[in-house]
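Note that the numbering runs from 1 along the sequence shown for the chain.
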Amino acid sequence: SYNTSSEFCMSAPATAAAAQAAPSPAPEPIIEDLEHDPYLNLENTIIVDNLPNVDREKAEKFRMLLCKIFKNAIPGGIYLYFGENNATKSHAFITFRNPKDASDAVKLGQGYKIDKTHQIILNPFTDFRAYGDVPEVYEAPQQLPYVPKAPLWSHLFDPRGRDQYMIRFNDQFEAQWWDPVQLAQTAVTTKFEGALGGIWSPWGRFYATFHRQGVQLWGGADMGRVSRFLHPMVSMAVFSPCEKYLLTFCEILRDPQSRDKEAVTIITELETGKQLPGEPRPEGPRSNKWTINMQTTPLRWSHDDKYLARVDSQAQTLHVYDVPAMNERVAKMDNLMEVTWSPSQNLMALWFCRKAEKPAVVKIVDPRDLSVLATKNIFDATKITLYWHEQGDYLCAQCDLQGKKAQAGTSLEIFRMRVRNLPCNSLVLPDRVTSVAWEPRGHHLAVVHGANTVRPDVAIYEVNGDRVLLKDSLLRRQVSCVSWSPMGEFMVLYLKGTGSLEFYSTKEHTVANQTHQFSTEAVWDPSGRFVASSVISTRESLDQGFQIYSYRGDLLHASARPRFALFQWRPRPPCLLSPEQQEAIRAAPHVKKFEEEDAAYRKGMADSKIARRTNMRTSFEAWRQSRAEAVRRLADFLAALPGGAPTGGDCEMEEEEVEELETTETVLGLVNEKGEDEVEAPAPDAEAPAASPSPSPAPEGQAASKAPAKEYTTSFPDDAD
């Protein structure tokens with residue numbers, strides 16, 4: 001029931017004059033469907049607490065403010081109450097059209113700040129009924145059986161320390177173990193029903209698959225489902241570097257006729273499934289969605305999941321958010337194009353395009369107060385690409401220079417991030433640079449450059465103190481990309497589409513060359529000992545599949561799969577040991593036991609092969625002996641037939657061991673034109689000794705003497721037996 005006394009302030013209050021002249025109201029029609037009447041359904045109503053006390057003169061203005069906050073409330077659905085001091089009370093009732101709008105208002109508006117001192121508290125009206133039905137006698141809740149979670153780190157406890165990879169073919173996913181001795185072994189095969197694609201998490205705990213309804217996470221030894229998150233028509237997912245959060249993105253059509261799309265991004269906490277606050281709004285409560293396009297203005301994570309940053313190119317502003325509170329810091333920066341994070345420090349690298357007389361700029365910024373730590377101006381730069389060292393030791397800015405008439409070359413600006421004041425070294429190349437790659441655990445930089453895009457050059461530089469030295473130069477190579485081993489020293493130069501692979505070592509230079517036709521990528525495993533190349537295509541092809549090589553370029557395994565669409569190594573978590581401790585473990589004597597295990601496995605495989613052949617031979621002999629009586633009866637029957645020839649009865653098998661020798665023969669004679677079985681010895685050369693005469697046929701039953709293969713070879717006509 002609703003109070004209509006003087007203490008109640010309606011959403012549309014009647015004036016005093018209207019109240020005096022108001023005639024008796026007409027009887028309102030009786031609503032038979034009470035369940036769907038928003039004014040009578042208590043599930044549509046919520047209670048708002050902790051409101052500020054407002055005087056009666058400002059009550060209407062305050063009600064309009066609540067209408068802006070709760071836009072889905074029905075007309076006249078906001079009810080304020082007045083106290084003895086002629087001011088509004090600290091609570092109000094708000095009615096919506098349906099229970100869903102009411103529950104959404106509680107979720108999205110909870111904790112909204114009306115002013116500096118008042119933060120509203122929202123509760124459904126039906127909670128009073130639940131609190132009123134509490135029994136007088138306490139009853140302990142029923143204890144549910146404990147269901148253990150999937151062991152997400154089970155793949156790290158493999159006795160042989162093997163790595164895994166995920167492949168997709170024929171609409172099914174398969175996780176396989178990789179071992180250089182035992183080769184590929186299937187671990188799990190599943191279809192992930194309805195999956196459109198998938199990615200590994202940065203530490204390899206989860207495998208995320210995209211579906212039309214949202215994202216599902218899989219893990220454990222049997223790749224069981226761990227959790228799922230609703231996000232219709234999701235097209236991309238990005239894990240935070242420490243696997244605390246999952247960012248999902250999709251594009252939704254606003255109007256099918258205009259084909260106008262709305263970008264929706266959601267950030268979810270993996271452990272609890274709670275969605276983080278979304279993009280701040282000038283008015284109203286903060287939702288849990290971001291209306292930004294991750295493909296054009298992406299949100300980028302810091303290395304420790306504490307910050308998010310993005311660039312608004314239209315407003316020319318930089319936005320930095322504190323995770324998980326999502327407090328925002330905004331800075332106006334003209335001509336800002338891109339922001340990237342250091343892999344090991346909370347530092348941002350920004351680059352600004354040139355405009356009019358202002359040159360392009362690269363800046364290193366602290367995200368806490370947005371202070372600039374280093375600045376580098378690059379004149380005549382049209383585009384800048386930033387490359388971070390995996391350990392965060394260096395930053396390389398590739399600057400494409402443009403002259404007055406043609407391209408003037410490329411400038412490489414290398415920042416040393418571990419040195420005070422962040423000094424910068426400059427390298428200017430006279431031609432175009434197509435690819436840059438840092439050695440993950442080292443100081444080398446590989447640069448693919450050259451005017452000839454079909455066979456460019458590869459320059460390998462080394463950062464030595466405050467100097468950048470040219471270590472090696474590879475001329476006219478078939479290469480478009482460079483892929484370094486995670487352990488450093490070794491890298492692969494490959495050309496997409498043609499399958500040319502060149503294995504290179506910074507110590508031994510070129511090691512080997514391989515070809516995997518039509519391969520589209522070359523990916524190193526986490527250990528840095530193996531590299532896989534794959535041919536990915538949605539159409540049927542004989543070349544689809546993958547090949548695995550050693551770090552020295554030896555082909556170890558090749559697999560052809562129909563409709564091959566995916567190859568992904570399973571990542572490893574960061575090692576908790578220091579580099580010194582890792583080297584001590586590698587040098588320990590117990591490492592030899594793995595070599596002994598490999599030798600024992602190879603011997604076991606050879607013994608099993610011999611045993612399998614022995615069993616096949618024994619079973620065949622047993623079968624032959626079991627059929628001996630039938631063979632004798634058949635022989636007697638055939639001998640009794642008219643004109644039948646006697647048979648030898650039981651036939652004994654004779655074993656003959658043949659030793660094959662590889663010989664080289666030189667043809668010195670040809671068949672004569674008559675086609676007879678004679679050999680014409682050619683006339684001897686002036687320098688060569690005379691050939692021996694053709695031997696006469698040996699008598700029957702005697703072996704013919706063998707002529708030396710170096711002097712002549714006997715040939716037969718086509719119609720000879």
Side-chain angles (χ1 to χ4, degrees), residues 155 161-169 173-180 183-185 187 197-204 206-208 237-239 241 343 387-388 390 434-442 446 448 458 478-505 511-538 543-561 563-574:
H155 64 286
R162 298 175 295 179
D163 282 304
Q164 279 188 350
Y165 57 84
M166 181 71 73
I167 58 176
R168 184 182 184 184
F169 61 97
F173 293 80
E174 187 173 300
Q176 293 187 345
W177 293 103
W178 169 249
D179 187 279
L183 301 182
Q185 296 180 351
I199 58 170
W200 287 107
S201 62
W203 291 355
F206 307 104
Y207 191 77
V238 179
F239 284 91
Y387 299 92
W388 281 97
E390 186 174 305
T434 58
S435 179
V436 176
W438 282 104
E439 183 183 12
R441 297 190 180 184
V448 181
V458 180
Q478 290 186 351
V479 57
S480 60
C481 297
V482 177
S483 179
W484 283 92
S485 167
M487 297 295 108
E489 183 183 348
F490 292 91
M491 68 177 178
V492 174
L493 314 175
Y494 66 97
L495 182 61
K496 292 183 178 180
T498 62
S500 174
L501 302 171
E502 181 177 348
F503 293 80
Y504 179 87
S505 171
V511 178
N513 290 277
Q514 291 284 357
T515 301
H516 184 193
Q517 287 199 357
F518 309 114
S519 62
T520 55
E521 61 179 357
V523 187
W524 288 88
D525 79 316
S527 68
R529 300 166 56 199
F530 310 99
V531 61
S533 62
S534 57
V535 179
I536 296 176
S537 176
T538 57
D543 302 311
Q544 291 177 335
F546 65 96
Q547 295 181 1
I548 298 180
Y549 305 87
S550 69
Y551 66 96
R552 302 188 65 86
D554 301 325
L555 178 60
L556 303 177
H557 179 66
S559 176
R561 300 298 178 98
R563 298 176 62 190
F564 188 75
L566 181 71
F567 184 95
Q568 295 172 339
W569 288 103
R570 188 169 192 172
R572 290 182 181 179

Closest non-hydrogen atom pair, Val479 against Leu495: C-CD1, 3.9 Å
Tyr551 and Ser505, any side-chain heavy atoms less than 4.5 Å apart: no
Less than 3.5 Å apart, any donor N or O on the side chain of Gln568 or Arg168 sitting next to an acceptor on the other? no
Does Leu501 form a side-chain contact (heavy atoms from CB on, under 4.5 Å) with Thr515? I'd like the steps, not just the answer. CA-CA 6 Å; Leu501 302 171; Thr515 301; over 6 Å; no
Value rounded to 0.5 Å, distance of CG in Leu556 from CG in Asp179: 10.5 Å
Where Ser485 and Gly528 come nearest, the two heavy atoms and their spacing: OG-O, 3.1 Å
Any chance the rings of Phe564 and Phe546 have centres within less than 6.0 Å? yes
Which pair of heavy atoms, one from Ile167 and one from Arg561, lies closest together, and at what distance? CD1-NH1, 3.6 Å
With rounding to the nearest 0.5 angstrom, report the OG to CZ distance, Ser519 to Phe567. 12.5 Å
Could you state the interatomic distance from CE (Met491) to CH2 (Trp484), rounded to the nearest 0.5 Å? 4.5 Å
When rounded to the nearest 0.5 angstrom, what distance separates CD in Gln176 from CG in Leu183? 11.0 Å
For the residue pair Arg572 and Gly161, what are the closest heavy atoms and their distance? NH2-O, 4.1 Å
By the definition ring-ring contact (aromatic ring centres under 6.0 Å, His included), identify the one residue from Trp524, Trp569, Trp200 that meets it with Tyr165. Trp569
Under a 3.5 Å distance rule, please check whether Glu439 uses its side chain to pair with a backbone N or O of Glu489 as donor and acceptor. yes
Would a line drawn from the ring center of Trp178 to the ring center of Phe530 be shorter than 6.0 Å? yes
How about Phe503 and Phe490: are their ring centroids closer than 6.0 Å? no
Within the structure provided, determine whether Ser483 and Tyr494 are in side-chain contact (heavy-atom separation under 4.5 Å). yes
Is any side-chain heavy atom of Arg162 closer than 4.5 Å to a side-chain heavy atom of His155? no
Is there a side-chain contact (heavy atoms from CB on, under 4.5 Å) between Phe239 and Ile199? Walk through the geometry before answering. CA-CA 9 Å; Phe239 284 91; Ile199 58 170; 4.1 Å; yes
About how many Å separate CD of Gln514 and CG of Asp554, when rounded to the nearest 0.5 Å? 7.5 Å
What one should report as the nearest heavy-atom pair of Ser480 and Ser435 is O-CB, 3.8 Å
Would you indicate whether the side-chain heavy atoms of Phe169 and Arg563 approach each other to under 4.5 Å? no
Donor-acceptor pair, distance only, cut-off 3.5 Å: does the side chain of Gln544 make one with the backbone of Ser534? no
Under the side-chain contact (heavy atoms from CB on, under 4.5 Å) criterion, do Tyr549 and Gln547 qualify, and how do the steps go? CA-CA 7 Å; Tyr549 305 87; Gln547 295 181 1; 2.5 Å; yes
Check Asp163 with Arg529, please: is the shortest side-chain N to carboxylate O separation under 4.0 Å? no
Inter-residue atom distance Met487.CE - Ser527.OG, 0.5 Å rounding: 7.5 Å
Just by distance, no angles: are the side chains of Tyr504 and Glu502 close enough, under 3.5 Å, to form a donor-acceptor pair? no
Between Met166 and Phe173, the two heavy atoms sitting closest are SD-CB, 3.9 Å
Are any non-hydrogen side-chain atoms of Val492 and Val482 less than 4.5 angstrom apart? no
